[in-house]
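Here's the structure we're looking at; comments come further down.
Every number for a ligand or one of its atoms is a count from 1 in the order of the listing.
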Amino acid sequence: MARAFLSSGDLIADRRASYADMLFEGGDHEAAADLMRQALEIVPGWTAGLFRLGEMEEAAGHGDAAAVAWRKLLELDPADRFGAGLKLAAAGNANVPDTPPIAYVETLFDAYAPTFEQALLDKLDYRVPELLAKAVAAAAPGRRFRSVLDLGCGTGLMGPYVRPICDYLAGMDLSEPMLQKAAEKGIYDRLEKGDVNALDTGPNSADLILAADVFVYVGDLERAFANIARSLAQDGLFAFSVENHAGQDELILQPSLRYAHSEAYVRRLLADHGMTPVSLAREAIRMDRGEQLQGLIVVARQIV
Ligand SMILES: C[S@@+](CC[C@H](N)C(=O)[O-])C[C@H]1O[C@@H](n2cnc3c(N)ncnc32)[C@H](O)[C@@H]1O
């Protein structure tokens, strides 16, 4: 979303900003930031411009100026659709929030929906749905599920893998446009807008709960795991991915503004909520800026 050009409403400011973008893409971050500052002199309350200015100042090595732009943006947009608070935290200028602002995640995926699949499958070699499906098949060979809940289902990339092995398939996501894309596939029995942190489907409502590449946008997983443990049938499976990091911290906010979780954290939270891993594998889950990104592919079950 940050790179999408959102008009300031002023022709000259827009021209300066689009030239600043060109300079930025060409690697002249200093000149880009300078020109973007000039654009914002004309339209000081332009929120998308402030976000972009912050990115340009940061890339030009002006960390303090970037923080000023993001703080101003937060004042103008307290719901934080641009994720300025996350930017401040990732740069060490604010505490890392437990969870990203809902408005940020929604805005990000609302904008991403039309190109999401093409970007992930064609360019980023995204493998999480396939890896989760294989892990579930290995954990429960030949099993047919009564009711599957695909949390953060997005455009429904998980759907084709689980539809043949279940009687009922529900998907839930924060982003309406992502849900619309999933609906176009015609393979989900039910799709609804919702937040995994507020999941309330009633006890024992699903015997397979999936979360493919969702927890990177959730941060602290305490509430999500509590809700999932409550919804999961006694003989049910919970299959999910996280981006993994090897440090001491349980979770960190990465420069990408996605959270990464340690294996120890995942194991502790599962145990705290009466679950245990059936399998836990470190896998390359997709490409990120030319490098393979490592994640954990986990299948868990209730401890009975
Ligand atoms: C990277 S996409 C993955 C989509 C899909 N699971 C897949 O594998 O293609 C992350 C999805 O999680 C959704 N999401 C993020 N935070 C969420 C939350 N708190 N509750 C529900 N959905 C969430 C986003 O809207 C987005 O569609």
Side-chain angles (χ1 to χ4, degrees), residues 1 80-81 83 86 97-136 148-163 169-185 187-188 190-201 206 208-228 231 238-243 251 253-254 256-261 283 285-288 293 295-298:
M1 179 190 58
D80 199 11
R81 290 172 305 133
L86 293 178
D98 285 348
T99 197
I102 293 264
Y104 161 71
V105 180
E106 245 185 283
T107 311
L108 181 71
F109 284 98
D110 287 0
Y112 205 2
T115 55
F116 177 82
E117 290 198 0
Q118 204 188 356
L120 276 164
L121 299 179
D122 296 353
K123 297 186 195 145
L124 298 178
D125 193 21
Y126 177 59
R127 299 176 63 225
V128 173
E130 182 194 341
L131 290 169
L132 282 183
K134 281 187 179 155
V136 169
V148 175
L149 177 55
D150 183 4
L151 293 174
C153 62
T155 59
L157 287 176
M158 203 65 240
Y161 289 100
V162 283
R163 181 73 270 183
L169 175 58
M172 199 193 85
D173 201 281
L174 269 184
S175 161
E176 283 285 2
M178 295 291 272
L179 286 165
Q180 275 161 23
K181 289 278 175 193
E184 284 164 19
K185 292 198 165 67
I187 49 176
Y188 286 80
R190 183 185 163 95
L191 286 163
E192 70 177 318
K193 186 173 158 80
D195 178 355
V196 299
N197 280 328
L199 177 72
D200 186 15
T201 51
L208 175 59
I209 296 184
L210 300 158
D213 204 29
V214 182
F215 293 150
V216 289
Y217 298 101
V218 177
D220 180 347
L221 301 176
E222 177 65 43
R223 274 186 296 162
F225 275 39
N227 296 339
I228 287 161
S231 306
F238 168 33
F240 62 95
S241 67
V242 293
E243 277 181 26
L251 67 159
L253 178 66
Q254 305 175 98
S256 61
L257 305 190
R258 292 189 302 267
Y259 289 78
H261 301 87
E283 298 274 3
I285 53 174
R286 68 177 172 81
M287 299 301 288
D288 188 50
L293 205 66
L296 296 179
I297 298 290
V298 185

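Heavy-atom separations between Leu174 and ligand 1 include at least one value shorter than 4.0 Å. Contact between Met158 and ligand 1 is absent, with no heavy atom of the residue lying under 4.0 Å from the ligand. At least one heavy atom of Asp213 sits closer than 4.0 Å to an atom of ligand 1. Contact between Tyr126 and ligand 1 is present, with at least one heavy atom of the residue lying under 4.0 Å from the ligand. Contact between Ala224 and ligand 1 is absent, with no heavy atom of the residue lying under 4.0 Å from the ligand.
Below 4.0 Å from some heavy atom of Pro129 lie the following atoms of ligand 1, by number and element: 8 (O). Taking every heavy atom of Met178 and a limit of under 4.0 angstrom, the matching atoms of ligand 1 come to 27 (O).
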>> One pair to check against salt bridge (Lys or Arg N to Asp or Glu O under 4.0 Å): Asp288 and Arg258. What are the steps and the verdict?
In response: CA-CA 12 Å; Asp288 188 50; Arg258 292 189 302 267; 3.6 Å; yes
> Given Ile285 and Ile297, is the side chain to side chain contact (heavy atoms under 4.5 Å, CB included) satisfied, shown in steps?
Replying inline: CA-CA 9 Å; Ile285 53 174; Ile297 298 290; 4.2 Å; yes
>> Go through it in stages, so that I can follow the logic: the residues are Val162 and Val136, the test is side chain to side chain contact (heavy atoms under 4.5 Å, CB included), and I'd like the CA-CA distance, side-chain angles, deciding distance and then a yes or no.
In response: CA-CA 10 Å; Val162 283; Val136 169; over 6 Å; no
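Under a 3.5 Å cut-off, the side chain of Arg163 and the backbone N or O of Ile187 do form a donor-acceptor pair. Not one N or O on the side chain of Lys181 forms a donor-acceptor pair closer than 3.5 Å with the backbone of Gly154. At distances below 3.5 Å, not a single donor-acceptor pair connects side-chain atoms of Asp220 with backbone N or O atoms of Thr99. The backbone N or O of Ser241 lies less than 3.5 Å from no partner atom in the side chain of Asp213, so there is not a single donor-acceptor pair. Counting only distance, with no hydrogens or angles, the side chain of Tyr188 and the backbone of Gly159 share a donor-acceptor pair below 3.5 Å.
Of the protein's non-hydrogen atoms, Gly194 O, 3.2 Å is the one closest to atom 21 (C) of ligand 1. The single protein non-hydrogen atom nearest to atom 15 (C) of ligand 1 is Val105 CG1, 3.4 Å, given as residue, atom name and distance. Nearest protein heavy-atom neighbour of atom 9 (O) of ligand 1: Leu157 CD1, 3.4 Å. The protein heavy-atom contact nearest to atom 27 (O) of ligand 1 is Asp173 OD2, 2.7 Å. Closest protein heavy atom to atom 20 (N) of ligand 1: Val196 N, 3.0 Å. For atom 19 (N) of ligand 1, the nearest protein heavy atom (residue, atom name, distance) is Asp195 OD1, 2.9 Å.
Backbone and side-chain nitrogen or oxygen atoms of Ala212 are examined, and one is located within less than 3.5 angstrom of a nitrogen or oxygen of ligand 1. For ligand 1, the polar-atom distance check against Gly152 finds a nitrogen or oxygen pair separated by under 3.5 Å.
Remark: among candidates Leu199, Leu179, Val214, the nearest residue to atom 14 (N) of ligand 1 is Val214, based on non-hydrogen atoms.
At a threshold of 4.0 Å, the pair Lys134-Glu283 does not count as salt-bridged, since none of the basic side-chain nitrogens sits closer than that to a carboxylate oxygen.
In this structure, Phe215 and Phe225 have tilted ring planes: the angle between them lies in the 30° to 60° band.
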